[in-house]
2 protein chains.
Amino acid sequence: MAVIPFRKPHDPWAFEPTRSGATLSSRIVEEVCTALFDKRLAPGDRLGTEKDIAEQAGASRIVARDALRTLQALGVVEIKVGAGGGARIARGNPALFAEALAVQLTLAGVSVREMMDAQRAIETTAAELAAENATAEDLATLRESLAEHEATIADDAAYTRTCMRFHLAVAEASHNRVLVAQLLSLQHVSWPAQNRTLTAPVARHILDVHRELVDVIASRDAAVARRLMDDHVKMIRARRVSEDQTSTCC
Amino acid sequence: MAVIPFRKPHDPWAFEPTRSGATLSSRIVEEVCTALFDKRLAPGDRLGTEKDIAEQAGASRIVARDALRTLQALGVVEIKVGAGGGARIARGNPALFAEALAVQLTLAGVSVREMMDAQRAIETTAAELAAENATAEDLATLRESLAEHEATIADDAAYTRTCMRFHLAVAEASHNRVLVAQLLSLQHVSWPAQNRTLTAPVARHILDVHRELVDVIASRDAAVARRLMDDHVKMIRARRVSEDQTSTCC
DNA sequence: AAGATGATAAAGATGATATCTTTAGTTCGA
DNA sequence: TCGAACTAAAGATATCATCTTTATCATCTT
């Protein structure tokens, strides 16, 4: 094979059928990802220009381009144009991953019920951990959000966005980036069909619950925070399920 | 380019001129994703060949290629070569998404603690829902897995894989695809450093707990199933955290 | 002789290469 | 500070290679 492999020649996997059958660009992608998992590459590391990568792989620039497009879509690299530019290993980008999950869930056609149960799983734990880990700064952010609730309570769309940000702020107060990333993806998917059946009494009730939640988190009562969030998400779930049924059965 | 703002319900992109700052390929990616979220595209739908897409976008094949590479990496399309080939909207592929999350979590450098707390969030809810929704077939699968536990209990690596499959089977018994997808990704990340501190007594204890869990799920007791799984994952968490500390502090 | 099977050629589509122009950043010097 | 030179990606065009499907034709069997 004329192609200079990224892997060392002594690698027994180098000529596996699955590997040799793959495209050149996919092998570059694999190589970079493997290096990333093996900690041989870290965020900020420079991969070089398209030309550099092409030369290293013994392939043309298009191949390097294809690989970089894929790595970029996966959020592995960031690409800059101009002098000193090229590809670098990116820092983590939760939003990107959230979109990937959103795509997958849409393709799989998951139901509202499934979505909301998963959201309950994430958010109850987030509330619990927020009660344990929230800093003074986190609490300030949550209280700011409560003020925003009052300011936007008359505007359905704005109020919905405020509530989403509040829930995200709770997750961030848990100081668990996995939970934040997962909640972010779920919100991405469930966002469009959100602002219905939002009457004034419901809005006020939500605000009351959110207020109570902040107090409980501030008082460091993890068990109560979990229970409160559990009830809250169950209520949201009930509303969404009914919304979904009315929209599909008519 | 890979960041896709797919929430633009009232954005008629039909006559929109080139938006500065965005590449041509990124706009194709945007359009396809938007169409997907708006249900104008569904799995199996044909997007056409690279040439078709290029012509439709009024650009060259390179642009269409770049867009398809990105969409492929996101798991949105599947590409076939040969006559009648081209790009089609893919069915959901959880494995692909799991890989994407693994990359993101690696880049973000999340701690074992964060991973395990998220896993606890997912798995406790999965156990709860499994108790409510498990079919006879699900229970048979779980009992098969228990038999496999006994067969592999002497082999650390095999036993670890068996346990992972058991936990996944519980998630599948919940009939919630979101939870399955999320657990799959977490397992993908935490898989490599799994088989340490697995002594014979620990293995036996795990088997006991798994057996009890199946019984509880079979008896449809959701609350007990959740509590049991909660304790179980907390035990796993304790083991993993200690493993992590011994490996990093020395 | 009719139908089934196998080989082959043609067409369609991605994979890959080479070369070029344009556009967007960076660096450096006046 | 501003602008020019440089660098590198974005994009275009042409060409070849490789893989797949499909249609055709020859051969073999019944």
Side-chain angles (χ1 to χ4, degrees), chain A residues 1-6 15-32 44-90, chain B residues 1-4 16-32 44-90 96:
Chain A
M1 200 190 305
V3 174
I4 302 165
F6 265 47
F15 293 103
E16 277 290 312
T18 54
R19 285 191 175 276
S20 62
T23 61
L24 293 178
S25 59
S26 72
R27 276 196 281 169
I28 295 176
V29 171
E30 263 185 57
E31 191 51 42
V32 172
D45 285 0
R46 204 182 135 82
L47 282 183
T49 68
E50 288 182 352
K51 207 170 168 183
D52 296 337
I53 295 169
E55 275 175 18
Q56 269 184 61
S60 74
R61 251 189 72 208
I62 297 287
V63 171
R65 244 176 108 86
D66 283 354
L68 287 179
R69 281 295 88 76
T70 299
L71 289 169
Q72 198 178 22
L74 291 172
V76 175
V77 303
E78 279 168 354
I79 293 173
K80 285 201 308 184
V81 298
R88 286 178 178 283
I89 302 293
Chain B
M1 122 144 57
V3 176
I4 310 135
E16 191 180 336
T18 306
R19 260 195 330 205
S20 55
T23 62
L24 293 178
S25 59
S26 73
R27 276 194 292 157
I28 296 177
V29 172
E30 261 183 58
E31 283 193 25
V32 172
D45 285 0
R46 207 182 134 81
L47 282 183
T49 68
E50 288 183 351
K51 211 173 177 180
D52 296 338
I53 296 169
E55 275 176 20
Q56 206 175 323
S60 74
R61 229 186 101 194
I62 298 282
V63 172
R65 242 179 112 80
D66 283 355
L68 286 179
R69 281 295 88 78
T70 299
L71 290 169
Q72 197 177 23
L74 291 172
V76 175
V77 303
E78 278 168 353
I79 294 173
K80 281 204 314 182
V81 302
R88 286 178 178 282
I89 301 294
L96 216 154

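What you are looking at is a predicted structure, and each value in this text was computed from that prediction instead of being measured. In the text below, chain A, chain B and the rest are named by the order of the sequence lines, each starting its count at 1.
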Reported [atom1]-to-[atom2] distance for the pair [X] and [Y], which is rounded to 0.5 angstrom:
X: B:Leu68; Y: B:Thr49; atom1: CG; atom2: OG1; result: 9.0 Å
X: B:Gln72; Y: A:Ser25; atom1: CD; atom2: OG; result: 8.0 Å
X: A:Leu71; Y: A:Ile28; atom1: CG; atom2: CD1; result: 8.5 Å
X: A:Ser26; Y: A:Glu31; atom1: OG; atom2: CD; result: 11.5 Å
X: B:Glu30; Y: B:Thr23; atom1: CD; atom2: OG1; result: 9.0 Å

Quiz prompt | side chain to side chain contact (heavy atoms under 4.5 Å, CB included) against A:Lys80, all qualifying residues, sequence neighbours excluded | solution = none
Self-check item: Contact summary for B:Ala54 and B:Ser60, nearest pair of heavy atoms
Solution: CB-O, 3.4 Å
Exercise. Over all heavy atoms of both residues, which pair between A:Ile53 and A:Leu47 is shortest? Give the atoms and the distance, please.
Key: CG1-O, 3.6 Å
Quiz item: Nucleotide by nucleotide, 5' to 3', does protein get under 4.0 Å of the base (B), only the sugar-phosphate (S), or neither (-) in nucleotides 25-30 of chain C, counting heavy atoms?
Solution: BS----
Self-check item: Close side-chain approach of A:Arg27 to A:Leu24, heavy-atom, < 4.5 Å
Solution: yes
Rounded distance in Å - [atom1] ([X]) to [atom2] ([N]):
X: A:Leu47; N: D:dA9; atom1: CG; atom2: P; value: 11 Å
X: B:Glu78; N: C:dA13; atom1: CD; atom2: P; value: 18 Å
X: B:Leu24; N: C:dA24; atom1: CG; atom2: C1'; value: 14 Å
X: B:Lys51; N: D:dT13; atom1: NZ; atom2: P; value: 13 Å
X: A:Ile79; N: D:dG11; atom1: CD1; atom2: P; value: 12 Å

Quiz prompt | N or O in side chain of A:Arg88 less than 4.0 angstrom from D:dA8 OP1/OP2 | solution = no
Quiz item: How large an angle, rounded to 10°, do the end axes of the helix from C:dA1-D:dT30 to C:dA30-D:dT1 enclose when each is built from five base pairs?
Solution: 10°
Quiz item: Under a 4.0 Å heavy-atom cut-off, which of residues 60-68 of chain A touch DNA chain C?
Solution: A:Ser60, A:Arg61, A:Ile62, A:Val63
Practice problem: Give every residue pair that meets the salt bridge (Lys or Arg N to Asp or Glu O under 4.0 Å) criterion with at least one member in residues 67-78 of chain B, sequence neighbours excluded. | Solution: A:Asp66-B:Arg69
Quiz item: Taking only residues two or more places apart in sequence, or in another chain, which ones meet A:Arg61 in a salt bridge (Lys or Arg N to Asp or Glu O under 4.0 Å)?
Solution: A:Glu50
Exercise. Taking only the side-chain heavy atoms of B:Glu50 (C-beta and beyond), determine which of D:dA9, D:dA12, C:dT14 contains the nearest atom.
Key: C:dT14
